[in-house]
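See structure below.
All figures in this text were calculated on a predicted structure; none of them were measured in a lab.
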Amino acid sequence: MTPATASPSAPGPVGRRIHGRTLAERRALRREAMLDAGLDLFGSRGYAGTTVDAVCRLASVSTRNFYEEFGNRLDLLAAVGERIAAQAFTAWTTGSAVPPSGPRRPVAAVRSRVSALVHVLVDDPRVARIAFVESLALEAEGVQRRRELMRIFPEWIATYLAGHLEALGYSERRRRALARAAFGAGVELVSTWVIDGRTGEAPRERGTVEDLVDDVVEATAGILRLTGPAGASTGGAGGH
């Protein structure tokens with residue numbers, strides 16, 4: 001058999017297996033290892049205190065491997081942020097089986113979603129730092145990417161609560177505006193809670209995570225005119 005008539009099923013460079021994995025699979029694993037290292041280092045040392053060499057050491061990859069995936073540290077930070085956003089969106093969109101209408105009405109449907117979203121963003125201090133502190137290091141292009149990622153949240157809110165907002169007589173433009181306002185208020189509340197924790201704000205003034213969830217639900221309910229009890233821990237965590 002000549003090279004010109006070689007079997008078409010013979011594995012090429014991409015399909016060739018090394019230690020049971022294809023090159024594509026190995027590259028995907030290296031990328032995940034670098035994202036994990038970025039989460040750990042950016043979330044503990046910060047962007048300024050993290051080097052490419054440190055990422056490579058922690059991920060057990062070479063610098064060549066790093067630059068095959070990312071142009072620089074900022075690209076890695078943006079990618080880690082995108083992964084956090086994806087995890088947050090999954091938590092938000094799967095956080096409740098309660099329908100947005102009926103006897104329990106929208107607040108009950110929204111509360112478990114808010115709780116799932118908040119916990120994803122603040123339970124791991126590394127995630128909280130990257131999402132609300134280190135992401136501010138992003139340059140203009142990175143900020144635009146972040147805005148595009150965040151836009152999907154209020155768009156989903158407007159769609160999810162379309163029936164409720166239509167019943168209140170709001171136009172499509174107004175529904176989108178209110179969804180953006182509700183999401184923006186929630187982001188500001190969570191961001192302030194995270195930053196206050198980093199600056200040593202008195203715990204009583206800052207409140208617990210469940211207090212934070214109640215605050216975000218209350219703000220969302222007020223802006224979107226949701227009905228039903230807004231919080232599960234009336235008067236703060238002491239009632240939870």
Side-chain angles (χ1 to χ4, degrees), residues 39 43 80-135 146 149-165 168 175-176 178-198 201-240:
L39 171 65
V80 173
E82 288 167 2
R83 189 169 71 166
I84 290 171
Q87 292 166 344
F89 188 70
T90 297
W92 169 251
T93 56
T94 60
S96 174
V98 179
S101 60
R104 295 182 67 180
R105 296 298 293 165
V107 168
V110 166
R111 181 181 170 80
S112 66
R113 294 179 184 276
V114 168
S115 181
L117 175 62
V118 168
H119 279 285
V120 164
L121 293 173
V122 306
D123 283 355
D124 186 336
R126 301 171 303 171
V127 169
R129 178 171 179 172
I130 290 171
F132 298 104
V133 179
E134 300 304 324
S135 62
R146 185 175 187 273
L149 279 171
M150 301 292 274
R151 188 175 299 157
I152 191 172
F153 287 88
E155 288 176 354
W156 193 91
I157 292 170
T159 300
Y160 180 66
L161 294 175
H164 165 71
L165 296 173
L168 294 174
R175 294 198 299 269
R176 291 197 304 269
L178 291 175
R180 285 194 295 269
F183 181 68
V187 169
E188 179 62 22
L189 286 166
V190 178
S191 177
T192 299
W193 189 89
V194 169
I195 293 171
D196 283 350
R198 290 178 54 78
E201 183 73 17
R204 180 173 298 178
E205 296 296 325
R206 180 173 177 246
T208 67
V209 175
E210 292 309 314
D211 290 326
L212 174 61
V213 170
D214 285 348
D215 292 342
V216 175
V217 172
E218 190 74 40
T220 301
I223 293 170
L224 297 176
R225 293 178 62 185
L226 305 181
T227 58
S233 53
T234 305
H240 186 261

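A side-chain donor-acceptor contact under 3.5 Å links Thr94 to the backbone of Thr90. In this structure, the side chain of Asp214 does not engage the main chain of Asp211 through any donor-acceptor pair within 3.5 Å. In this structure, Arg113 contributes its side chain and Thr93 its backbone to a donor-acceptor pair below 3.5 Å.
Heavy atoms only, all atoms of each residue included: Ser135 and Arg146 are closest at OG-NE, 3.6 Å. Between Ala221 and Val107 the shortest heavy-atom distance is CB-CG2, 4.1 Å. Minimum heavy-atom separation, Ala181 to Ile223: O-CD1, 3.7 Å. Nearest heavy-atom pair, Leu121 versus Val127, reported as atom, atom and distance to 0.1 Å: O-CG1, 3.8 Å. Between Trp193 and Arg206, the shortest heavy-atom contact is O-NE, 2.7 Å. Residue Ile157 comes nearest to Ala179 through the heavy atom pair CG2-CB, 4.0 Å, listed as atom of the first residue, atom of the second, then distance.
For the pair Arg198 and Phe132, the cation does not sit on the ring face, since its NZ or CZ is not both under 6.0 Å from the ring centre and inside 45° of the axis.
Interatomic distance, CG of Leu165 versus CZ of Arg176, reported as 12.0 Å (0.5 Å rounding). Summarising the geometry, atom CZ belonging to Phe183 is positioned 11.0 Å from atom CD belonging to Glu155; distances are rounded to the nearest 0.5 Å. To the nearest 0.5 Å, atom CD of residue Glu218 and atom CG of residue Leu226 are 10.5 Å apart. Taking CZ of Arg129 as the start and CG of Leu39 as the end, the distance is 11.5 Å to the nearest 0.5 Å. With values rounded to the nearest 0.5 angstrom, Leu178 atom CG is found 10.5 Å from Leu161 atom CG.
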Walk me through whether Glu210 and Arg111 qualify under salt bridge (charged side-chain N to carboxylate O under 4.0 Å, His left out). CA-CA 11 Å; Glu210 292 309 314; Arg111 181 181 170 80; 3.7 Å; yes
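Note: Trp92 and Trp156 have perpendicular aromatic rings, judged against thresholds of 30 and 60 degrees for the angle between ring planes.
Within the 4.5 Å cutoff, side-chain heavy atoms of Val187 are placed close to those of Met150.
Among Leu212, Asp215, Asp123, the one residue that satisfies the side chain to side chain contact (heavy atoms under 4.5 Å, CB included) test with Val118 is Leu212.
In this model, a donor atom of one side chain and an acceptor atom of the other lie less than 3.5 Å apart for Thr192 and Glu188.
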